[in-house]
Amino acid sequence: ITSAVAFDILPLKLHPFSQSTPTGLDCVGWKRRISSPVITDGALDKTALTDDVGSEEDLYEDFRSSNHRYGHPGGGGEQLAINELISDGSVVYAEALWDHVTMDDQELGFKAGDVIEVMDATNKEWWWGRILDSEGWFPASFVRLRVNQDEPMEDYPLKVEGGKEDDSSSGTCRFGMGQTTKDQMRTNVINEIISTERDYIKHLKDICEGYIKQCRKRADMFTEEQLKTIFGNIEDIYRCQKKFVKALEKKFNKDHPHLSEVGSCFLEYQTEFQIYSEYCNNHPNACMELSRLAKVNKYVYFFEACRLLQKMIDISLDGFLLTPVQKICKYPLQLAELLKYTNPQHRDFKDVEAALNAMKNVARLINERKRRLENIDKIAQWQSSIEDWEGEDVLIRSSELIYSGELTKISHPQAKSQQRMFFLFDHQLVCCKKDLLRRDILYYKSRINMDDMEILDVEDGKDKDFNISVKNAFKLHCQDTEEVHLFCAKKPEQKQRWLKAFENERRQVQLDQETGFSITEVQKKQAMLNASKQHHTGKPKAVARPYYDFLMRQKHPTLPTTLPQQQVFMLAEPKRKPSNFWQNISRLTPFRK
């Protein structure tokens, strides 16, 4: 089976390494599923890529505008059927495809893989759902309705990863073939891996020698900074891949390819493959720079001359630059296919199994880093919406929203209690106050440096430090200054989520240190500049809402005698349609954790 066919026939749910963001690496795969051409790692189809290749955000917009609903088309018929099931008392479940972290307390946050009970699907774009004791609105496009509502969803990759099928003899029964035929199928996959690697090396060589080498000769046209933007670290990738191919060639059994033991090669190079992270993160910038240069004829002619001089196939430069992004995404698919046709008794079985998990982890890491970089724009936009902001920008020290919610903060010396909204980022906890009338407007109050704090679980009862009775409480304690902050949650479950969030924050900080993840000063400044421009265009921080809508946001709404009966009835409704402002923000720029 060829790589092109293998990739194209896989359903969308067979991409577990990309289910963290709708604008992740595998939008490349979606783009190909929408249009008919398929790009392989070998000879590229001339019609597969054109000059309109854009950033991952563009791919997502194309995908979204095609009305594909990620497993639920969203048509009137199906939407009606969902609501009929709910009305009949049936429980309808959906599975989260991507993380959805929100700053709005009316929305439901979740992680990829979470199971959500759909309680209302009346609105095509936004559904109302529940996870445990939390309810709220969430984007319908972020979830997939479970295929079987009664049993756990079965997933093909789980069977592949396990290296076992339901029936040990299913390979023979299903295909009507014996062991020799299975060996032949493994031979085909091995040959595909070797041949596509050779073709890929040629692509990288053509880019480095055909384009980069020639560009460096024209200092009058390109600066080193421009070349870094356009080509990223593709030269490092080329050097890495040359060593990887040599390792594969040594393990390749030319006489009996099915006996080849290539799994160890992937395990050996799994750490080096992480250099793809930098390339994939930079790829949208490369596309934008090439798009800018394409408007100037001399650059168009220059790039075409480079292609002809190197005797490369008729594909534009942005098409060649897309190849590494596709390549790192394809490794898990190739290894899954290889594992499928590798007998458990094969000497390569355990290595291939481990290699599959390793390459999926590499792809997840790359996708995670990409998501983190995309999130800095959302964080900058969030900060620009906070009134009376003081001190340094959030992005100076943080790049990830870990958790958010409402807590009661108790302060010395009079043990004064205050209801506040808290936003836990890596390295810091930001405290905000809600506006008394416009509850969607937040005012900056303070922040706590989490690097200096230890978390203390407080038992229910009287606290001797503050001399008051507390419930669902915890403390943040600074060992250097003996500073103590006391917080109380409304419910025990909420307290546990906060304690878990603090653990995740420390784990995230440690992981960033181990992997060397960081955001450049240029990226931080650009994110804040973009947020500032958006803020000064006159975009409202909140929109006017009907009076009943405003009351719904209060803790204890009081019904005025002048309120019409119809509005009183609507106040009794447990659910509320989100404002257009939050719909647009979450739909166009979903803030994902």
**OP:** Verify side-chain contact (heavy atoms from CB on, under 4.5 Å) between L317 and F231, making sure each step is shown before the conclusion.
**Re:** CA-CA 10 Å; L317 176 57; F231 299 102; 4.1 Å; yes
**OP:** For side-chain contact (heavy atoms from CB on, under 4.5 Å), just list the numbers for Q334 and K327, CA-CA rounded to whole Å, side-chain angles, deciding distance to a tenth of an Å, and then say yes or no.
**Re:** CA-CA 10 Å; Q334 288 181 321; K327 187 63 181 177; 4.2 Å; yes
**OP:** Evaluate the criterion side-chain contact (heavy atoms from CB on, under 4.5 Å) for residue pair Q214 and F302; output intermediate values, then yes/no.
**Re:** CA-CA 9 Å; Q214 297 300 326; F302 177 80; 4.1 Å; yes
**OP:** Could you walk me through whether Q526 and N530 pass side-chain hydrogen bond (donor to acceptor under 3.5 Å, both in side chains), step by step?
**Re:** CA-CA 6 Å; Q526 188 61 48; N530 293 340; 2.9 Å; yes
**OP:** Go through V262 and I190 one step at a time and tell me if the side-chain contact (heavy atoms from CB on, under 4.5 Å) criterion holds.
**Re:** CA-CA 8 Å; V262 299; I190 291 289; 3.9 Å; yes
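Closest heavy-atom contact between F273 and M359: CD1-CE, 3.4 Å. Closest approach of A94 to V118, counting heavy atoms only: CB-CG2, 3.8 Å. Closest approach of I379 to E400, counting heavy atoms only: CD1-N, 3.8 Å. Across P332 and C329, no two heavy atoms sit closer than the pair CD-O, 3.4 Å. Nearest approach of C280 to I328, heavy atoms of both residues: SG-CG2, 4.3 Å. Scanning all heavy atoms of the two residues, the minimum distance from F320 to I315 falls at CE1-O, 3.3 Å.
Under the 4.5 Å side-chain criterion, counting only non-hydrogen atoms from C-beta, R216 is in contact with E224. Looking only at side-chain heavy atoms (C-beta outward), L204 and K242 stay at 4.5 Å or farther from each other. Within the 4.5 Å cutoff, the side chain of I234 has heavy atoms near those of the P324 side chain. Side-chain contact between V362 and Y331 is absent, with no heavy atoms from C-beta onward closer than 4.5 Å. Using a 4.5 Å heavy-atom cutoff, the side chains of C240 and I275 are in contact. Counting only heavy atoms from C-beta outward, the side chains of F349 and L339 approach each other to under 4.5 Å. When side chains are defined from C-beta on, R347 does not count as touching L259, because their heavy atoms never get closer than 4.5 Å.
In this structure, the ring pair (Phe, Tyr, Trp, His ring centres under 6.0 Å) partners of F138, at least two apart in sequence or on a different chain, are F110. The salt bridge (Lys or Arg N to Asp or Glu O under 4.0 Å) check on D220 picks up R218, with sequence neighbours excluded. Annotation: side chain to side chain donor-acceptor pair (under 3.5 Å) contacts of Y276 (sequence neighbours excluded): Y200, Q241. Contacts of K525 classified as salt bridge (Lys or Arg N to Asp or Glu O under 4.0 Å), with partners at least two apart in sequence or in another chain: none. Every residue two or more places apart in sequence or in another chain was checked for a side chain to side chain donor-acceptor pair (under 3.5 Å) with Q513, and none qualifies. Applying the ring pair (Phe, Tyr, Trp, His ring centres under 6.0 Å) test to F303 and every residue at least two apart in sequence or in another chain returns F222. Not a single side chain to side chain donor-acceptor pair (under 3.5 Å) links E225 to another residue, sequence neighbours left out. Evaluation of the salt bridge (Lys or Arg N to Asp or Glu O under 4.0 Å) rule for D512 yields R372 as partners, not counting sequence neighbours. Residues meeting the side chain to side chain donor-acceptor pair (under 3.5 Å) test with R397, sequence neighbours left out: N449, D451.
Judged purely by atom type and a 3.5 angstrom limit, S398 has no side-chain atom pairing as donor or acceptor with the backbone of L395. D348 places a side-chain N or O within donor-acceptor distance of the main-chain N or O of G263, the cut-off being under 3.5 Å. A distance-only check finds no donor-acceptor pair linking the side chain of N375 to the backbone of S399 [under 3.5 Å]. With hydrogens and angles ignored, the 3.5 Å screen pairs a side-chain donor or acceptor of T187 with a backbone N or O of D183. No donor-acceptor pair closer than 3.5 Å links the side chain of N343 to the backbone N or O of H346.
Using a cut-off of 4.0 Å between Lys/Arg side-chain N and Asp/Glu carboxylate O, K524 and E521 are scored as salt-bridged. A salt bridge does not link E514 to R507: none of the charged nitrogens lies less than 4.0 Å from a carboxylate oxygen.
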I'd like a table of donor-acceptor pairs (distance under 3.5 Å, sequence neighbours excluded) in which one partner is a side-chain atom from residues 245-252, with atom names and distances.
| from | atom 1 | to | atom 2 | distance (Å) |
| --- | --- | --- | --- | --- |
| E249 | OE1 | R198 | NH2 | 3.0 |
| E249 | OE2 | R198 | NE | 2.9 |
| E249 | OE2 | R198 | NH2 | 3.1 |

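Here the CG-CZ distance, from D426 to R506, works out to 9.0 Å after rounding to the nearest 0.5 Å. In this structure, SG in C265 is found 12.5 Å from CD in Q270, a value given to the nearest 0.5 Å. Interatomic distance, CD of E337 versus CD1 of I193, reported as 9.5 Å (0.5 Å rounding). Rounded to the nearest 0.5 angstrom, Q508 CD and I402 CD1 are separated by 5.0 Å. In this structure, the separation between NZ on K350 and CG on L267 is 13.0 Å, given to the nearest 0.5 Å. Rounded to the nearest 0.5 Å, atoms OH (Y279) and CG (L321) are 4.0 Å apart.
For the 3.5 Å distance criterion, the side chains of N188 and E192 fail to qualify, holding no donor opposite an acceptor. No hydrogens or angles considered: nothing links the side chains of D377 and Q381 as a donor-acceptor pair under 3.5 Å.
The side chain to side chain donor-acceptor pair (under 3.5 Å) with T342 is formed by just one residue from the set E353, R186, K182; it is R186.
Applying the side-chain hydrogen bond (donor to acceptor under 3.5 Å, both in side chains) test to every pair with at least one member in residues 295-304, sequence neighbours left out, gives these pairs: E304-R307. The stretch residues 268-286 participates, sequence neighbours left out, in these salt bridge (Lys or Arg N to Asp or Glu O under 4.0 Å) pairs: K228-E278, K243-E272.
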